Amino acid sequence: MNKNKTKVGIISLLPGIIMIILMVIAFKSSNMDFGKQFSIMTIILINPLLFILQGAFAGVLRVNIILTTMCSIIGFLVCVFVFLNNSALPYVVFYGGLELLAYYLVKTMKYKNS
């Protein structure tokens with residue numbers, strides 16, 4: 001397999017998979033306080049960080065930003081519809097914007113340094 005295709009696959013799919021795994025851990029926890037705190041931390045802190053990192057890596061590795069953004073959004077939407085009953089749906093636009101912003105910032109910094 002081509003190394004570039006492997007990079008694209010990892011950059012595209014890994015953040016969405018991590019989001020789903022973290023939400024499963026949060027909602028399947030036997031300790032309700034831990035699950036509640038962990039799910040809030042995941043939504044407020046970890047998911048935006050994953051979107052930002054994915055956008056930055058996509059900019060560095062010249063990966064298609066639309067593909068990577070859609071994969072993350074789909075992973076987040078799975079979490080929202082399965083675990084959160086649409087209560088976190090407005091975050092999708094914000095997180096997608098963060099990823100695009102990170103992508104374009106890294107891409108412009110890369111071109112200025114070249």
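Computed from a predicted structure; not experimentally measured.
To the nearest 0.5 angstrom, K36 atom NZ is 12.0 Å from N31 atom CG. Atom CD1 of I20 is separated from atom CD1 of I74 by 10.0 Å, given to the nearest 0.5 angstrom. Here the OH-CG distance, from Y95 to L100, works out to 15.0 Å after rounding to the nearest 0.5 Å.
Contact detail for L13 and C71: the closest heavy-atom pair is CD2-SG, 4.0 Å. Scanning all heavy atoms of the two residues, the minimum distance from I25 to F38 falls at CG2-CE2, 4.1 Å.
For the pair N47 and Y91, the minimum side-chain heavy-atom distance is 4.5 Å or more. Within the 4.5 Å cutoff, the side chain of I65 has heavy atoms near those of the E99 side chain. Side-chain contact between I46 and M41 is present, with heavy atoms from C-beta onward closer than 4.5 Å.
Atom CZ of F94 has 12 or fewer heavy atoms from other residues, nucleotides or ligands within 6.0 Å.
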Side-chain donor/acceptor pairs under 3.5 Å, residues 48-61, sequence neighbours excluded:
unit_1, atom_1, unit_2, atom_2, d
Q54, OE1, S72, OG, 2.0
Q54, NE2, I11, O, 2.7
Q54, NE2, S12, O, 3.3
Q54, NE2, T68, O, 3.2
Q54, NE2, S72, OG, 3.4

side-chain contact (heavy atoms from CB on, under 4.5 Å) assessment of Y103 paired with T69: CA-CA 10 Å; Y103 174 78; T69 304; over 6 Å; no
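Cluster annotation: V80 and M70 are assigned to distinct hydrophobic clusters (Ile/Leu/Val/Met/Phe/Trp/Tyr, side-chain heavy-atom contacts under 4.5 Å, transitive). Cluster annotation: V92 and V82 are assigned to the same hydrophobic cluster (Ile/Leu/Val/Met/Phe/Trp/Tyr, side-chain heavy-atom contacts under 4.5 Å, transitive). Cluster annotation: I21 is connected to M19 through the hydrophobic network of ILVMFWY side chains, with a link wherever side-chain heavy atoms come within less than 4.5 Å. Note on L22 and L45: same hydrophobic cluster, where clusters join Ile, Leu, Val, Met, Phe, Trp and Tyr whose side-chain heavy atoms are under 4.5 Å apart, directly or indirectly. When hydrophobic clusters are built by joining Ile, Leu, Val, Met, Phe, Trp and Tyr residues whose side-chain heavy atoms come closer than 4.5 Å, directly or via intermediates, Y104 is not grouped with V63.
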